[in-house]
Structures are given as C-alpha cells and as structure tokens.
S.K.: 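Can you keep this structure in mind? I'll have questions shortly.
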Amino acid sequence: MNPDSPAASGEGWEPLRVAVLGAGHVGLATAACLAKIGHQVVGMDADRAKVASLSGGRTPFFEPGLQEIVEEGLESGRLMFTADTSEALSGAQAAFICVGTPGGPDGTPMLGAVERAAEAVGVFGADGAVVVEKSTVPVHTAERICRVLERMARGRRFHVVSNPEFLREGRAVEDFLRPARILVGADDRRSHEIMRRLYEPLVAEGAAYFATDVCTAELAKHACNVFLALKISFANALAPVCEAAGADVVAVADIMGSDPRIGRDFLEAGMGFGGYCLPKDVAAFKAQTERLGCRFGLLDEIIRINEYALAGVFEKVRESLWNLQGKRVALLGLAFKPDTDDVRSSPALRLAERLMDAGARVVAHDPRAAGNACKELSTLNVADDAYEAAEGADCIVICTAWPEYRSLDLARLKGVMRQPVLVDGRNLFDLAQVSGAGFDYLPTGRPRLSS
Ligand code: UGA
C-alpha cells in the first residue's frame, strides 16, 4: 500500500466495521481483501465446518494469494469468521451480501439466499448500516432487498447499495487490490460517502471509481459479463470460418486485438466459456431482458455459439477416431480455466460426459481440479499426471490451458499413446512446437498438421 495514502498514514481516514455474509469465492476474497486494506471485518457463513477451517487459516478452495491474506488478516486481528449472523452484524457499518445466486430453470437466478441474508440484516443489522449488494443479481433486486429490510427492521433504517464485483477466479486477490474499476451504485449521499470511505485506500492508489445510481450499477455488471461472453463467442464463431478458409484464428485475433478499440483480451477461440459466472449471467440477462419486454437476440446467439464451440471439439475427436466405442480419450485439464480448482460449468466435464455417452473410455488429468471433478462426475477416471492419462490413449484433448501443459514432452506423450491424435481445444501449443512431433494435430480455428 502506498505509504502516502490516507489509509496508511491514518490521517483523516477511519476504517469501517464490515460484515460479509457468505464465504464463497466472492465473499471470502472480499472479506480478506477488505481486512487487508485496513477494515475490521467479520466473515459469516452458515457452514460451521468451513468457518472452523477458515478460523484456523485454511481456505476451502484454491485461489492464488488468498490463503496468505486470510492468515495475515487473522493474525492482525482485523479478520475473523463466524457462523453466527448476529455476531457478524453486530455494530457493522456495512453489511455485504455475497451469497450464491444459482441459475434457475429459465435462467432467472434463484435469489432465496439473498432474501434470507436481507432478512438477517433486517433483524440483526445496526441502525444506519449500508447494505451492500455484491452478489451478481438482476436489475431492481436492490428494491426487493429494501422492501425486505423495511418489513424486518422495526424502526431501524438501512440503505441498499449495489457494488458489483469484477473479480476473476484465479486472479481474485489481484483484481480486488488493483481493480480495473470500482463500481458503486447508491441513491443517497450518505451511502456514497460511506462506500467511498470503504474503498479510499484503493482509490488513493489510483483505482478508477465509478459512482452511479443503484439500477445502473446492477445493470452494468450483467452488461460487462455478457460483453465478455460476446467477445469470446465472436472468436469462437470465427474459428470454423478460419478452418474452412485455411486461415489462422490466433493471427486474426492478434491483428484485431492490436486495434485499441477492439483489444486483444478475451478473443481466445476454444471449446467455449464456462465457470460459475459467464454462462449463468448470459442466461440471467436473457431472462431479464425478456421480462423487461426488450428483444436482445444476440444473447441467444452467444448461447448457441458456445454450445457449438464444445460440439466442434467433440466432432474433431469423433472424426479422427471414427468409432468412439471402446476408444480411450485422455482429457488434459478439467477446471473451467487455469489457476482454479473450480469445475462448475466446465466445458471439460461436459465433453467428458459426451464422450462417455458415445462409448469412449475417458481418463483425465488436472493439476488442481481432479478432486472436484470426481465429485461432480463420479464415473470419471483420473490420472496422476498427463503421461499416465495418455497411456494407451487414441487421442488427447487439451481442455484447460494450464501453463505446465505447454512444457509437456510431446515425444514421450506420443510414445505412450495408441494413436498420435492431439485435439487442442484451447490452442495451447504453437504450431511450430507441434510440427515435427509426429501428431495429427487439430487445433481450434488454425491449420491442422498431420503425422
Ligand atoms: C468472470 C469475469 O471475467 C469477471 O470479470 C467477473 O467478475 C466474474 O466472471 C464474475 O462475475 O464473478 P471468471 O468466471 O472467473 O470471471 O472467468 P473468466 O476469466 O471470465 O473466464 C470465463 C470462461 O471463458 C473460462 O471458461 C475461460 O476459459 C473462457 N475464455 C476466456 C475463453 O474461452 N476465451 C477467452 O478469450 C477468455
């Protein structure tokens, strides 16, 4: 932290007492990072086993840098955890709602946990507390939270603000402490002042700060994730066109991305986007726009292209192996992206299921996510390393762009396989690296190489 910042110098800046309800990926990163920048934070989760292990300094999932700042927070006395809502909320000037918002059958998120968290704040929250909507929710959710608070509060007053998170899994700590922007939507001056004070240490370090109204902030969060999904989908729609034309989608993306109006990030063609956020948020925004009576056909197209990207990789395997029945397919990578052990809506798991349904024997490897993958898909066989997964395989599919796979010994891999077929669902390898290795190499949107 900058020694000249008001937070560091202690001049004219007072930390806040904060409660964070929900210790999942967002809640835990938020709690630990708020403690890191100087606030007094209590993280609350109903799962007592999780609270016990957090209180002992052990994080329940892999997120680079998180374990360290949780330990630091506990040692400094600025961070503690409890399963008791009243203890968490007692004296809190800001109460963050970071509970899960899983997608329902029509895409509309299920907000029961948000309602219960709001009820708890209504019962135990301190008069004047700012209630911070951090979970990703549809526009106008804050109004609902206000009504719940009014119903429960009996004379105490609360103010609801929207403060969407823009943390990427695998980069959550870095994204919180060095954010691209901080977004706060509030409809009254006092809430804006409190939220500005909360984030002052980061603003003093140069973070961009957007203060707007609640509705705009809520909508902007969905718009951001949907646009990221759109960008990925553009690259994924371009990939088969490049394959048909004999062009290279990676080179096209480099050329497009060199224009600052376009930007290179999120133009990686592959087997589709996954994770807890992007698929759910596109579906939620589609349901929301329909409810608002607006036509936004692009959203259907994003969903369709994402399905097609996964189907494209499946077809490459089938086309190469002819009959899938009894063939052994090695999947490298199970996490929905590198640097996380999260397999929620992971394209790799969806591919595994599809291959197994078609009669293939699937053996997978992941440096971090194998345990979570087996919980999700109990029929999955996992190997200790990539070479073991490739033993006797008819095909390898790169499903997650873990950097360590880049340095695999391709000759050794080929040596243990039954057929040298390498389908690259993430364009992990350079064409130069693979050429000469003797594989039938099928990347995504790039020219193929034959053995
Ligand atoms: C996403 C957003 O990037 C965050 O800004 C946001 O805060 C977060 O959702 C959220 O709403 O909580 P995250 O789910 O961690 O973050 O994952 P991303 O890094 O966005 O990746 C999503 C998926 O897209 C992954 O499966 C990844 O492999 C895929 N992807 C990403 C591509 O296929 N191509 C790309 O060029 C980029």
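Numbers for residues simply follow the sequence, beginning at 1.
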S.K.: What are the two closest heavy atoms between Asp47 and Ala49, and how far apart are they?
M.R.: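 Of all heavy-atom pairs spanning Asp47 and Ala49, the closest is OD1-N, 3.1 Å.
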S.K.: Any donor-acceptor pair under 3.5 Å linking the side chain of Ser135 with the backbone of Ile97?
M.R.: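 Judged by distance alone, yes, a pair lies under 3.5 Å.
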S.K.: Any side-chain heavy atom of Leu28 within less than 4.5 Å of one from Val20?
M.R.: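 A side-chain contact under 4.5 Å is absent here.
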S.K.: Do Arg171 and Asp339 sit within salt-bridge range, that is, some charged N less than 4.0 Å from a carboxylate O?
M.R.: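 So Arg171 pairs with Asp339 through a salt bridge.
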S.K.: For a quick test of reading the model, state the closest non-hydrogen atom pair linking Gly272 to Asn236 and the distance between them.
M.R.: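 Of all heavy-atom pairs spanning Gly272 and Asn236, the closest is CA-ND2, 3.8 Å.
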S.K.: Could you grab the distance from atom CD of Glu165 to atom CD1 of Ile182, nearest 0.5 Å is fine?
M.R.: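 Spacing of CD (Glu165) from CD1 (Ile182) equals 13.0 Å.
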S.K.: State which residues pass salt bridge (charged side-chain N to carboxylate O under 4.0 Å, His left out) with Glu169; sequence neighbours excluded, sorted by chain then number.
M.R.: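 Applying salt bridge (charged side-chain N to carboxylate O under 4.0 Å, His left out) to Glu169 gives Arg344.
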S.K.: Quick one: list whatever passes side chain to side chain contact (heavy atoms under 4.5 Å, CB included) with Asn225, sequence neighbours left out.
M.R.: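 Side chain to side chain contact (heavy atoms under 4.5 Å, CB included) check on Asn225 returns Lys221, Leu228, Cys277, Leu278, Asp281.
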S.K.: Is there a side-chain contact between Arg196 and His192, using heavy atoms and a 4.5 Å cut-off?
M.R.: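 Answer no - side chains too far apart.
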S.K.: How would you list, by chain and number, every residue that makes a ring-ring contact (aromatic ring centres under 6.0 Å, His included) with Phe61, sequence neighbours excluded?
M.R.: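 Phe61 satisfies ring-ring contact (aromatic ring centres under 6.0 Å, His included) with His25 once adjacent residues are dropped.
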S.K.: Taking side chain to side chain donor-acceptor pair (under 3.5 Å) as the cut-off, I'd like each qualifying pair that reaches into residues 323-333, sequence neighbours left out, listed once.
M.R.: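 For residues 323-333, and leaving out neighbouring residues, there are no side chain to side chain donor-acceptor pair (under 3.5 Å) pairs at all.
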S.K.: What are the two closest heavy atoms between Ala29 and Ala172, and how far apart are they?
M.R.: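 Closest pair (atom of Ala29, atom of Ala172, distance): CB-CB, 4.1 Å.
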S.K.: What are the two closest heavy atoms between Leu321 and Cys395, and how far apart are they?
M.R.: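 Closest heavy-atom pair between Leu321 and Cys395: CD1-CB, 3.8 Å.
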S.K.: Could you walk me through whether Lys280 and Thr101 satisfy the side-chain hydrogen bond (donor to acceptor under 3.5 Å, both in side chains) test, starting with their C-alpha distance in whole Å, then the side-chain angles of each, then the deciding distance to 0.1 Å, before giving a yes or no?
M.R.: CA-CA 9 Å; Lys280 180 168 77 82; Thr101 54; 3.0 Å; yes
S.K.: Return each pair, listed once, that meets side chain to side chain donor-acceptor pair (under 3.5 Å) where at least one residue sits in residues 422-437; pairs must be two or more places apart or across chains.
M.R.: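 For residues 422-437, and leaving out neighbouring residues, the side chain to side chain donor-acceptor pair (under 3.5 Å) pairs sorted by first residue read Asp424-Tyr441.
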S.K.: Hey, can you pull the donor-acceptor pairs under 3.5 Å for the side chains in residues 348-359, sequence neighbours left out?
M.R.:
residue: Arg350; atom: NH2; partner: Glu307; partner atom: OE1; Å: 2.9
residue: Arg350; atom: NH2; partner: Glu307; partner atom: OE2; Å: 3.3

S.K.: Are the side chain of Lys134 and the backbone N or O of Asn163 linked by a donor-acceptor pair below 3.5 Å?
M.R.: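 Between the backbone of Asn163 and the side chain of Lys134 there is a qualifying donor-acceptor contact (under 3.5 Å).
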S.K.: Work out which heavy atom in Ile69 is nearest to a heavy atom in Ala32; give both atom names and the distance.
M.R.: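 Nearest heavy atoms, Ile69 then Ala32: CD1-CB, 3.7 Å.
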S.K.: So, do Val252 and Ile255 sit near enough that their side-chain heavy atoms are less than 4.5 Å apart?
M.R.: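 Answer no - side chains too far apart.
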S.K.: How far apart are the C-alpha atoms of Leu408 and Tyr387, what are their side-chain angles, what is the distance that settles it, and do they pass the side chain to side chain contact (heavy atoms under 4.5 Å, CB included) test?
M.R.: CA-CA 9 Å; Leu408 282 170; Tyr387 302 103; 3.6 Å; yes
S.K.: Could you measure the distance from the CG atom of Leu167 to the SG atom of Cys33? Nearest 0.5 Å is fine.
M.R.: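 Those atoms lie 7.5 Å apart.
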S.K.: With side-chain hydrogen bond (donor to acceptor under 3.5 Å, both in side chains) as the test, would you mind laying out the steps for Ser162 and Glu218 before giving the verdict?
M.R.: CA-CA 6 Å; Ser162 167; Glu218 287 176 327; 5.2 Å; no
S.K.: Taking side chain to side chain contact (heavy atoms under 4.5 Å, CB included) as the test, write out the residues that go with Val416, two or more places apart.
M.R.: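 Checked Val416 against side chain to side chain contact (heavy atoms under 4.5 Å, CB included); matches are Ala390, Glu391.
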S.K.: Are side-chain heavy atoms of Ile37 and Leu177 found at a separation under 4.5 Å?
M.R.: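 When only atoms from C-beta onward are counted, Leu177 and Ile37 do touch, with a gap below 4.5 Å.
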S.K.: Once you round to the nearest 0.5 Å, how far does CD1 of Ile262 lie from CE of Met256?
M.R.: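 So the CD1 of Ile262 and the CE of Met256 are separated by 4.5 Å.
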S.K.: Does Phe166 have more than 12 heavy atoms from other residues, nucleotides or ligands lying within 6.0 Å of its CZ?
M.R.: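 Check passes, neighbour count above 12.
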S.K.: What's the verdict on side chain to side chain contact (heavy atoms under 4.5 Å, CB included) for Val397 and Val317, showing C-alpha distance, side-chain angles and the deciding distance?
M.R.: CA-CA 8 Å; Val397 186; Val317 178; 3.7 Å; yes
S.K.: Mind checking the CD-CD1 spacing from Glu133 to Ile145? Nearest 0.5 Å is all I need.
M.R.: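 Here the interatomic distance stands at 4.5 Å.
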S.K.: Supply the atom-to-atom distance Phe81 CZ to Arg48 CZ, rounded to the nearest 0.5 angstrom.
M.R.: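 It is 15.5 Å, given to the nearest 0.5 Å.
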S.K.: Taking only residues two or more places apart in sequence or in another chain, which ones pass salt bridge (charged side-chain N to carboxylate O under 4.0 Å, His left out) with Arg178?
M.R.: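 For Arg178, no residue satisfies salt bridge (charged side-chain N to carboxylate O under 4.0 Å, His left out) once neighbours in sequence are set aside.
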S.K.: Report the residue from Val382, Asp341, Asn372 that forms a side-chain contact (heavy atoms from CB on, under 4.5 Å) with Leu334.
M.R.: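 So, applying the side-chain contact (heavy atoms from CB on, under 4.5 Å) to Leu334 and each of Val382, Asp341, Asn372, only Val382 qualifies.
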S.K.: Taking Val26's backbone N and O only, do any of them form a donor-acceptor pair with Thr30's side chain (distance below 3.5 Å, no angle check)?
M.R.: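 Flag set: sc Thr30 to bb Val26 pair under 3.5 Å.
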S.K.: With a 6.0 Å cut-off on the ring centroids, do His39 and Tyr199 count as close?
M.R.: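 No - the distance between ring centres of His39 and Tyr199 does not fall below the 6.0 Å cut-off.
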S.K.: Looking at Glu319 and Lys316, is any side-chain nitrogen of the basic one under 4.0 Å from a carboxylate oxygen of the acidic one?
M.R.: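 So Lys316 does not pair with Glu319 through a salt bridge.
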S.K.: Counting only N and O atoms by type, is there a donor-acceptor contact under 3.5 Å from the side chain of Thr85 to the main-chain atoms of Ala120?
M.R.: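 No; zero donor-acceptor contacts below 3.5 Å.
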S.K.: If you count every heavy atom of other residues, nucleotides or ligands that lies below 6.0 Å from Phe234 atom CZ, does the total exceed 12?
M.R.: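 Incorrect, the count does not exceed 12.
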S.K.: State, yes or no, whether a side-chain contact exists between Val132 and Met195 at a heavy-atom distance under 4.5 Å.
M.R.: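 The answer is yes; the side chains approach within 4.5 Å.
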S.K.: Taking Thr212's backbone N and O only, do any of them form a donor-acceptor pair with Thr216's side chain (distance below 3.5 Å, no angle check)?
M.R.: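 A pair under 3.5 Å: no.
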S.K.: Not counting sequence neighbours, which residues clear side chain to side chain contact (heavy atoms under 4.5 Å, CB included) with Ala208? List them please.
M.R.: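 Side chain to side chain contact (heavy atoms under 4.5 Å, CB included) check on Ala208 returns Arg181, Phe210.
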S.K.: Determine the minimum heavy-atom distance between Tyr405 and Ala386, stating which atoms define it.
M.R.: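 Taking Tyr405 first and Ala386 second, the nearest heavy atoms are CE2-CB, 4.4 Å.
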S.K.: Please list, chain by chain and in numerical order, all residues satisfying salt bridge (charged side-chain N to carboxylate O under 4.0 Å, His left out) with Arg406, sequence neighbours excluded.
M.R.: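 Counting only residues at least two positions away or on another chain, Arg406 forms no salt bridge (charged side-chain N to carboxylate O under 4.0 Å, His left out).
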S.K.: Does atom CG of Asp384 have more than 12 heavy-atom neighbours from other groups under 6.0 Å away?
M.R.: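 No, the 6.0 Å shell around CG holds no more than 12 heavy atoms from other groups.
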S.K.: Quick one: does Gln288's side chain have a donor or acceptor within less than 3.5 Å of a partner on Pro138's backbone?
M.R.: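 Checking the backbone N and O of Pro138 against the side chain of Gln288, no donor-acceptor pair under 3.5 Å is found.
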S.K.: Less than 4.5 Å apart, side chain to side chain, heavy atoms only: is that true for Asp366 and Trp402?
M.R.: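 Yes - at least one pair of side-chain heavy atoms lies under 4.5 Å apart.
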S.K.: Once side chain to side chain contact (heavy atoms under 4.5 Å, CB included) is applied, do any residues pair with Glu301, and if so which ones, sequence neighbours excluded?
M.R.: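 With sequence neighbours excluded, Glu301 shows a side chain to side chain contact (heavy atoms under 4.5 Å, CB included) to Arg304, Ile305, given in chain and number order.
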S.K.: Answer with yes or no whether the side chains of Lys36 and Ser76 bring together a donor and an acceptor at under 3.5 Å.
M.R.: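 Lys36 and Ser76 do not have a side-chain donor-acceptor pair below 3.5 Å.
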S.K.: Could you state the interatomic distance from CG (Asp440) to OG (Ser450), rounded to the nearest 0.5 Å?
M.R.: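 Asp440 atom CG to Ser450 atom OG measures 6.0 Å (nearest 0.5 Å).
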S.K.: Any side-chain heavy atom of Asp248 within less than 4.5 Å of one from Pro447?
M.R.: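 In short, these two side chains touch, coming nearer than 4.5 Å.
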S.K.: List in chain and number order the residues that pass ring-ring contact (aromatic ring centres under 6.0 Å, His included) with Phe285, two or more places apart in sequence or in another chain; answer none if no residue qualifies.
M.R.: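 Partners of Phe285 by the ring-ring contact (aromatic ring centres under 6.0 Å, His included) criterion, ordered by chain and then number, come out as His222, Phe296.
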S.K.: What I'd like to find out is whether the side chain of Phe273 reaches to under 4.5 Å of the side chain of Ser233, using heavy atoms alone.
M.R.: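 Yes, side chains in contact.
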